[in-house]
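Quick caveat, the model's predicted, so the values are computed rather than measured.
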There are 2 protein chains.
Amino acid sequence: MPERSDAGRPAVGGWAKRCYFAGRALMDATLRPYDLGSTQWYVLWHLANFGPTVQRDLGRALELERATLSGIVTTLVRKTLVEQTSSGEDQRQRLLTLTVAGETLWRELPDLSFIHDAAFGGIDEADLATTVRVLQLATERLQNLLRKE
Amino acid sequence: MPERSDAGRPAVGGWAKRCYFAGRALMDATLRPYDLGSTQWYVLWHLANFGPTVQRDLGRALELERATLSGIVTTLVRKTLVEQTSSGEDQRQRLLTLTVAGETLWRELPDLSFIHDAAFGGIDEADLATTVRVLQLATERLQNLLRKE
DNA sequence: CGATATTTGCAAGGTAGCGAACGATTGTCA
DNA sequence: TGACAATCGTTCGCTACCTTGCAAATATCG
């Protein structure tokens with residue numbers, strides 16, 4: 001969050017937050033005319049590119065908690081963009097499929113890759129690799145601490 | 001969010017998100033016994049270190065939207081940790097002050113610096129600097145795009 | 001086979017973020 | 001001075017994240 005100017009150091013976490021929220025805000029602003037949130041877009045993106053998916057697998061792929069995904073799916077079903085059928089062998093699982101309206105909307109949506117390009121385009125590849133490595137290592141350490149608590 | 005394995009590139013934004021949420025989850029877990037959220041902690045931290053603050057200034061310092069801070073302050077007032085008085089020259093402004101209960105709780109809270117240390121301790125300073133530079137540049141670019149939209 | 005454990009999804013309740021719209025106050029300027 | 005603009009905080013509605021607790025279905029193992 002803020003700079004934590006008492007120590008001067010903790011800027012990394014603060015910038016991770018700022019960067020994440022800035023990208024997400026741009027995504028939300030771009031999708032607002034289509035009445036879509038960023039995570040809803042990720043769900044449509046996955047279904048459009050990988051076909052019908054079991055809700056459990058989608059949660060794993062997008063790294064969303066079951067409860068979180070459940071709400072998002074409910075919203076998308078209410079908008080008739082996604083169909084949720086309890087088909088298949090396992091009666092606990094729900095299969096998610098794009099509806100015709102969902103496919104139509106997906107084709108109308110603008111390409112969002114400009115966001116990533118605008119953010120990181122032109123930056124030295126080695127610096128990007130360093131950034132990823134640092135963030136990845138920090139994340140792993142934090143998650144280890146969380147697990148062992 | 002996810003890896004966006006179609007292009008393989010957008011990992012930076014995904015790791016920024018993961019790292020931010022991992023740190024925040026650890027913060028939330030540590031504060032849970034005290035019934036405090038991470039942003040509530042930042043408000044107490046600021047008031048404990050900088051003294052009574054006008055709500056507007058606190059929002060700027062912590063980079064929180066007015067609507068967001070309003071809700072958090074309401075929560076802290078309900079818990080009788082913070083007092084919100086409409087004092088001063090400008091009758092629009094609200095002054096935020098730690099109550100005695102707030103000061104007492106603040107002294108009981110554990111030191112959270114271990115989180116930053118665990119995440120980034122031992123990592124090469126130059127790499128950390130590169131990470132901050134990359135994230136900062138990306139954030140600025142994104143915010144520029146947001147403004148001009 | 002049957003008791004137990006695991007998995008899957010849902011609902012409720014809480015935190016944190018946003019935009020938009022609204023009073024109330026204050027500042028500005030013709 | 002008086003109309004208009006800007007500021008400050010709140011409220012409303014929304015997205016998205018979490019935990020906890022539940023029920024149903026399935027898997028596992030004695």
_Once you measure the plane-to-plane angle for Y42(B) and W45(B), does it fall in the parallel (<30°), tilted (30-60°) or perpendicular (>60°) bin?_
perpendicular
Among the nucleotides [options], which one has an atom lying closest to any side-chain atom of [X]?
{"X": "Q55(A)", "options": "dG9(C), dC12(D), dC8(D)", "result": "dG9(C)"}
{"X": "D90(A)", "options": "dA25(D), dG9(D), dC18(D)", "result": "dA25(D)"}
{"X": "S70(B)", "options": "dC17(D), dT11(D), dA12(C)", "result": "dT11(D)"}
{"X": "Q84(B)", "options": "dG9(D), dA16(D), dC10(C)", "result": "dG9(D)"}
{"X": "R56(B)", "options": "dG9(D), dT26(C), dA12(C)", "result": "dG9(D)"}
{"X": "Q40(B)", "options": "dA16(C), dT11(D), dT15(D)", "result": "dA16(C)"}
{"X": "Q91(B)", "options": "dG9(C), dT26(C), dA16(D)", "result": "dT26(C)"}

Do the charged groups of E63(A) and R18(B) touch, with an N to O distance under 4.0 Å?
yes
Computed from five pairs at either end and rounded to 10 degrees, the angle between the axes of the helix from dC1(C)-dG30(D) to dA30(C)-dT1(D) is 10°
Heavy-atom nearest nucleotide on DNA chain D taken for Q93(B) and for R32(B); more 5' hit belongs to Q93(B)
**Asked** Hey, is the side chain of R66(A) pairing donor to acceptor with the base of dG9(C) inside 3.5 Å?
**Response** yes
(request) Answer with yes or no whether R92(A) presents, from its side chain, a donor or acceptor under 3.5 Å of a partner atom in the base of dT8(C). (result) no
